[in-house]
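Down below is the structure, laid out as structure tokens.
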Amino acid sequence: MSSDEKQVAPRSLAEALRAKDDGSLAALLRARPDLITPVPTDLTQLATRAGTRASVIRALERLDRFTLQTAEALAVAPEPADRETLLALLAGDENDPAVVGAFPHALAALREQALVWGPDDRLRLVRTARELLAPSPQHPSPTGLGPTVAEATSGMSPGRIQEILTAAGLPTTHDAVSAVASLTGLFTDRARMAELLAAAPPDSLDVLSRLVWGPPYGQVTADPASRLRWLLDRGLLLPTAPGTVVLPREVALHLRAGRAHRDTRPLPPAVEPAATHRPQVVDTTAAGQAYTSLATIEELLKDWDEGGPTVLRAGGLSVRDLKRTAVALDVPEPVAAFWVELAYAAGLLASDGEADERYAATPAYDEWLELPAAERWTRLATAWLSATRTAGVIGGRDTKERTLAALGPGLDRSAAPEVRHRVLTLLAALPEGASASPDSLVARLHWERALRGAASSDDLRARLARWTLSEAESLGITGRGALSAHGRALIGAQPSAAATETGTASGPGDKLPVHHHRHHPAPPPQPRSAAELAAAASRAGKLLAPLLPEPLDHVLLQADLTAVAPGPLQRPLADTLDVLADVESKGGATVYRFTPGSVRRALDAGRSASDLHAFLSEHSRTPVPQPLTYLIDDVARRHGHLRIGSASAYVRCDDDALLNEIIADKRSQGLRLRRLAPTVLAAQADPATLLEGLRSMGFAPAAESAEGDVLITRAHAHRTPPRTAPEPVPDGPPSPDTTLLGAAIRAIRAGDLASTTPHKPTAAAPGRNGTLPRTTSAETLATMQAAVLTGDTLWIGYVNAEGSASQRVIAPIKVEGGFVTAYDHTADEVRTYPLHRVTGVAELADEQA
């Protein structure tokens, strides 16, 4: 690089940002959206914010394994480092070709995120990132390297340093600085270091081999053994504290053949297929499970139709209620928790907010029921994709050791939507019909976000990935572990993605998947707009709809008082059968059983015997069996023969012999009945208890009103007031859209112009950057009026109503009534300012005006 080029090299991150074009700034703000929350006033403030600890940690957490290793290598390189030195730390003496190929992408990613700045011959890591990644006794580096010779000898006496030079075969020097430089030169010279170590005792080399990959610190006694003394005398081990020695960084790098890391990972690990099925099998399996998911949600909310479980004082479902729900749905408790949380995330379920607070369906549930099956499924699937509430953590403990309950607080995991989408995207990259090995999937996710946690199954991202696989299967997004066609459409993946991303890998001679050779993973998908999400859901619904079974309008009645539904039933038919019969078994075909209790339930709901006969005749593909006809007629004949009303409660019947039978029955003693008239009995129990008691004795009484009319008891669905679905908890600030990015960049550029543009000095105070101009009111007014005529741009100081002072660059358009209307370059809009709040005005320098 020439001297002229070196002169224009940026001296700070702010200058480096100032040299970027708008496209590069947009890429930075898109990758690190926390930098524009709120929008910085200028590029200096943007650079300051980009170097804060919280922002740097967040940026490092989003780096993949190799890009993070590149930053770690730069943290142990001399500052500033050149590109070749940094590459050598990663590729080693053997110049690993995979590392060489991946290095440009990793360095570009660090530059894009403003973690590295400077030209190729003077690369610098942002100071905060260097502090986080550089080795120190309190925070060991992931590289396992220790301090440099200069750092380790900073407190050593000059005489001792000269002794080390002599023992190492180097000439003594006149000062400690040159002595340290001489020793560093020896340790970084491969040929001379090889000669020095060739003369080392084997025991001493064993000591170095134990420290070379870290940790670099070791313990020694006051009288070290000869193998340690040989190393200490030559500076191959340096004391850092009484009884502690360290392996200098330069020595370790020589022993490592120049590598900063023991295991450099330039390539993402491949997601291995676990099994492959025909795509048609995958789609039909997923569609069947999708329909089951709809039926499960309906069954859950039907069970809670008249008011579900009570809300715990701390929020959520009790363990007992979750167990009862699991029994009702015939699924394990964790699966029941998933369905409950899914209904809540989709806005179909909420608490009613009453004094005795209970969970119930929302009005949105009734609207959802009226939608076509495919559209109902897309509502569930899109809610699951974006939800941060995570059912998998239910039953665990929060930070205060409280049990996490279903529908309770503390279930949000902000990384969940990103992990779900990434898992499905990786499945989409496999050949169609292929399922993924969970372990290889977890390894890939850990490589892509290396700093987010350990590479173990206890890592949150690993657990989220495994939960995603099981939940996607339950929801019907995947079938037999492979992504379905409607699942691909849902996440916006193209059907041809598998052919583009991977090879078939069906035999030993086939090509490996393309992603084995990629040096960098695909960038994370940008957030889709509401219109894009709706379009993707619509495409998924259209692909799913033909695969869903058509609801049937008939059942098969059998002589054993059962009805078989060979498939899903149309809603009116299913609702009526739920009242008229009890579900005996589920599966591919649902079996309903007719009992006296179920028939009485239908009669209580206002159906007559003739209505029931007509209903069965209309919807049965087989003749109505005589036993069923007799059952309905028998129950109907006795239904309402006894009447129960509210005195305390009474029983009346025209047949006094039947009343005698009731009084004589020992089972009626608990009702404490007594005769008031030949056809009336009084009871000490309330009407509901009396009604239930007589039914348990085998009678079929009917309730009546005060006017003597039979009361028809229909189940009244309990609904919450209108409720909105829970909002996902974002994983940091949302990624800005194009409009916001453009406005933010214009504002930052304008603010930077106001803070850095040279200004003409004024008579009252010389114009200096960072100092508000000061002029008298008359001078301010005259300068403003002149600028209106000439079209000049001015630099002003302004104090707003809250007393906050700022400097702005404006182009005055009109001055009247004590106000100036001007185009404000800082805000990139036309504004009106009161003249009495302008502290002063100055013209811009001629070359900047």
Side-chain angles (χ1 to χ4, degrees), residues 31-32 56-77 86-92 94 96-113 115-116 125-126 129-130 132-135 139-145 213-214 256 258-272 415 418-419 421-423 425-426 429 436-465 501 512-525 731:
R32 299 175 65 179
V56 169
I57 290 176
R58 178 171 176 78
L60 292 175
E61 285 181 340
R62 302 187 73 81
L63 297 180
D64 64 63
R65 166 65 68 187
F66 183 65
T67 305
L68 181 62
Q69 287 183 324
T70 304
E72 291 165 352
L74 188 54
V76 297
L86 178 58
L87 178 58
L89 286 171
L90 292 165
E94 65 273 19
D96 186 345
V99 172
V100 173
F103 176 70
H105 300 277
L107 184 58
L110 293 173
R111 286 184 185 277
E112 180 183 281
Q113 299 204 34
L115 294 171
V116 169
L125 196 62
V126 171
R130 191 175 188 89
L132 291 167
L133 300 177
H139 303 286
S141 168
T143 61
L145 293 170
W213 292 109
R256 296 177 175 196
R259 300 181 79 101
H261 296 85
R262 187 170 195 168
D263 182 20
T264 307
R265 301 281 186 88
L267 302 177
V271 178
E272 302 292 343
E418 186 244 330
V419 172
H421 195 279
R422 187 58 185 150
V423 167
T425 302
L426 290 173
S437 161
D439 291 339
S440 67
L441 195 64
V442 167
R444 176 61 171 265
L445 290 176
H446 178 64
W447 187 92
E448 292 179 350
R449 292 288 184 272
L451 207 62
R452 279 293 180 101
S456 67
S457 59
D458 292 334
D459 173 25
L460 175 62
R461 286 175 65 83
R463 288 183 289 147
L464 286 171
E501 291 287 332
L512 288 173
V514 173
H515 57 240
H516 279 269
H517 303 290
R518 289 170 59 185
H519 297 307
H520 220 274
D731 186 17

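All residue numbers in this chain count up from 1 along the given sequence. Being a predicted model, the structure only gives us computed values, none of them experimental.
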L63 vs T70 side-chain heavy atoms within contact, under 4.5 Å: no
Salt bridge (Lys or Arg N to Asp or Glu O under 4.0 Å) between R444 and E272, worked out: CA-CA 10 Å; R444 176 61 171 265; E272 302 292 343; over 6 Å; no
Any donor-acceptor N/O pair, Q69 side chain to P142 backbone, under 3.5 Å: no
Over all atoms of both residues, closest heavy-atom pair of L125 and A71: CD2-O, 3.7 Å
Full working for side-chain contact (heavy atoms from CB on, under 4.5 Å) between L133 and L74: CA-CA 9 Å; L133 300 177; L74 188 54; over 6 Å; no
Over all atoms of both residues, closest heavy-atom pair of R461 and L445: NH2-O, 3.9 Å
Point-to-point distance, once rounded to the nearest 0.5 Å, from CD of E72 to CG of L60: 9.0 Å
Salt bridge (Lys or Arg N to Asp or Glu O under 4.0 Å) contacts touching residues 97-106 (sequence neighbours left out): none
A73 to A260 - nearest heavy-atom pair and separation: CB-CB, 4.2 Å
Set of residues satisfying side chain to side chain donor-acceptor pair (under 3.5 Å) with respect to R256, sequence neighbours excluded: none
Residues forming a side chain to side chain contact (heavy atoms under 4.5 Å, CB included) with P438, sequence neighbours excluded: R466, L469
H105 side, atom NE2; L110 side, atom CG - distance, nearest 0.5 Å: 13.0 Å
Nearest heavy atoms of T143 and V76, plus distance in Å: OG1-CG1, 4.0 Å
Distance-minimising heavy-atom pair for P135 and S141: CG-CB, 3.6 Å
Approximate separation, where rounding is to 0.5 Å, of R62 CZ and T67 OG1: 13.5 Å
Within-4.5 Å side-chain heavy-atom neighbours: L107 and L86: yes
Set of side chain to side chain donor-acceptor pair (under 3.5 Å) partners for R111, sequence neighbours left out: D120
Any residue meeting side chain to side chain donor-acceptor pair (under 3.5 Å) with R32, in chain and number order, not counting sequence neighbours: S55
Euclidean distance, R65 CZ relative to H261 NE2, rounded to 0.5 Å: 8.0 Å
L68 versus A450, closest heavy-atom pair with distance: CD2-CB, 4.0 Å
All side chain to side chain donor-acceptor pair (under 3.5 Å) counterparts of Q113, not counting sequence neighbours: none
Spatial distance of atom CD (E448) from atom CD (E418) [nearest 0.5 Å]: 8.5 Å
4.5 Å side-chain heavy-atom contact, D96 and T264: no
Contact check, side chains of W447 and L267, non-hydrogen atoms, under 4.5 Å: no
